[in-house]
Chemist: 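I am attaching a structure below and will ask some questions about it afterwards.
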Amino acid sequence: MNAMLVSHASFGASTGATMSPSKGRVAPAAVLASRKASVGNSAGTGLALTRRCRLLFFGIPAMVAAALVLFLALAVLTGSLASPAHASAEQQAVSMADYAVAVTVLQGDSLWSIAAAADPTRDVRHVVREIIALNDLGTGVLQAGQRLYVPIPK
């Protein structure tokens, strides 16, 4: 068996012909060598990408970048439409005269007594909360002569 392999190997080398894998015919060794050389030279001159590789390297990053740009544009557009500055520009100013009256705190007055006198039909706790909110009071301590806005009875 070894003799056959050796003789077969010596047959290909002695005649200078080998089997071409693509066509099944015997091709001269010089033709195969020139094919290998041309393939080797094209690999050295540049990178040949297949259609799938071009999609992988160029198409997918381009789609991701386009989606990112679209997302950022929608975020900016949505943010500019829903911004507090835009919302405050559309609201009209509310006159305090329509909602509250100004009173002067007298000696011995408290938030509770002012609230009870302002609207006796409502719960005093709710009126006290409204007085605190209208006047932006940090504490419940009042000074004589202080001006407060008190809600008008509804």
Side-chain angles (χ1 to χ4, degrees), residues 9 12 17-154:
T18 59
M19 290 290 289
S20 172
S22 62
K23 297 183 182 177
R25 293 184 278 173
V26 175
V31 172
L32 290 177
S34 67
R35 285 184 189 164
K36 288 179 184 177
S38 67
V39 169
N41 288 340
S42 69
T45 58
L47 182 64
L49 295 177
T50 62
R51 184 176 183 182
R52 182 180 289 172
C53 287
R54 282 193 300 271
L55 176 66
L56 180 68
F57 288 124
F58 300 119
I60 293 175
M63 287 187 285
V64 169
L68 184 64
V69 167
L70 180 65
F71 174 75
L72 290 175
L74 287 175
V76 167
L77 180 67
T78 303
S80 66
L81 292 178
S83 70
H86 189 266
S88 66
E90 292 179 0
Q91 292 181 355
Q92 298 175 356
V94 176
S95 173
M96 286 298 278
D98 296 337
Y99 186 71
V101 295
V103 297
T104 303
V105 177
L106 301 175
Q107 187 70 27
D109 281 345
S110 66
L111 282 174
W112 192 270
S113 65
I114 294 172
D119 193 356
T121 60
R122 291 180 54 205
D123 187 3
V124 178
R125 293 174 293 184
H126 294 135
V127 179
V128 169
R129 283 189 205 126
E130 285 187 44
I131 292 172
I132 291 172
L134 283 172
N135 297 287
D136 197 25
L137 297 176
T139 64
V141 178
L142 300 177
Q143 301 293 326
Q146 183 178 358
R147 303 270 300 165
L148 291 178
Y149 288 105
V150 178
I152 296 173
K154 297 177 183 176

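Only heavy atoms go into these numbers, but all of them, side chains included; no hydrogens, no water, no symmetry mates.
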Chemist: Could you give me the CA-CA distance, side-chain angles and deciding distance for I114 and L142, then say whether side-chain contact (heavy atoms from CB on, under 4.5 Å) is met?
Modeler: CA-CA 11 Å; I114 294 172; L142 300 177; 3.9 Å; yes
Chemist: Which heavy-atom pair separates P151 from A118 by the least distance, and what is that distance?
Modeler: O-CB, 4.4 Å
Chemist: Among V127, V150, I131, which one satisfies side chain to side chain contact (heavy atoms under 4.5 Å, CB included) with L111?
Modeler: I131
Chemist: Atom OH of Y149 and atom CG of L137: how far apart are they, to the nearest 0.5 Å?
Modeler: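 Between atom OH of Y149 and atom CG of L137 there are 12.5 Å.
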Chemist: Quick check: closest heavy atoms across V128 and A115, and the distance to 0.1 Å?
Modeler: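 Smallest interatomic distance, heavy atoms only, reads CG2-CB, 3.6 Å.
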Chemist: Taking all atoms of both residues into account, what is the closest heavy-atom pair of L134 and A100, and its distance?
Modeler: CD1-CB, 3.9 Å
Chemist: Decide side-chain contact (heavy atoms from CB on, under 4.5 Å) for I132 and R129; before the verdict, give the C-alpha distance in whole Å, the side-chain angles of both, and the deciding distance to 0.1 Å.
Modeler: CA-CA 5 Å; I132 291 172; R129 283 189 205 126; 5.8 Å; no
Chemist: Please report the interatomic distance CG(L72) to CG(L70), rounded to the nearest 0.5 Å.
Modeler: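 Answer rounded to 0.5 Å: 9.0 Å.
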Chemist: With rounding to the nearest 0.5 Å, note down the distance linking CD in E130 to CZ in R125.
Modeler: 13.5 Å
Chemist: Is there a donor-acceptor contact under 3.5 Å from the side chain of S113 to the main chain of S110?
Modeler: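 Checking the backbone N and O of S110 against the side chain of S113, a donor-acceptor pair under 3.5 Å is found.
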Chemist: Spell out, as yes or no, whether a donor-acceptor pair under 3.5 Å connects the side chain of R54 to the backbone of L49.
Modeler: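 Yes.
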Chemist: Say whether, by atom type as modelled, one donor and one acceptor occur between the side chain of N135 and the main chain of L148 under 3.5 angstrom.
Modeler: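 No: the side chain of N135 does not pair with the backbone of L148.
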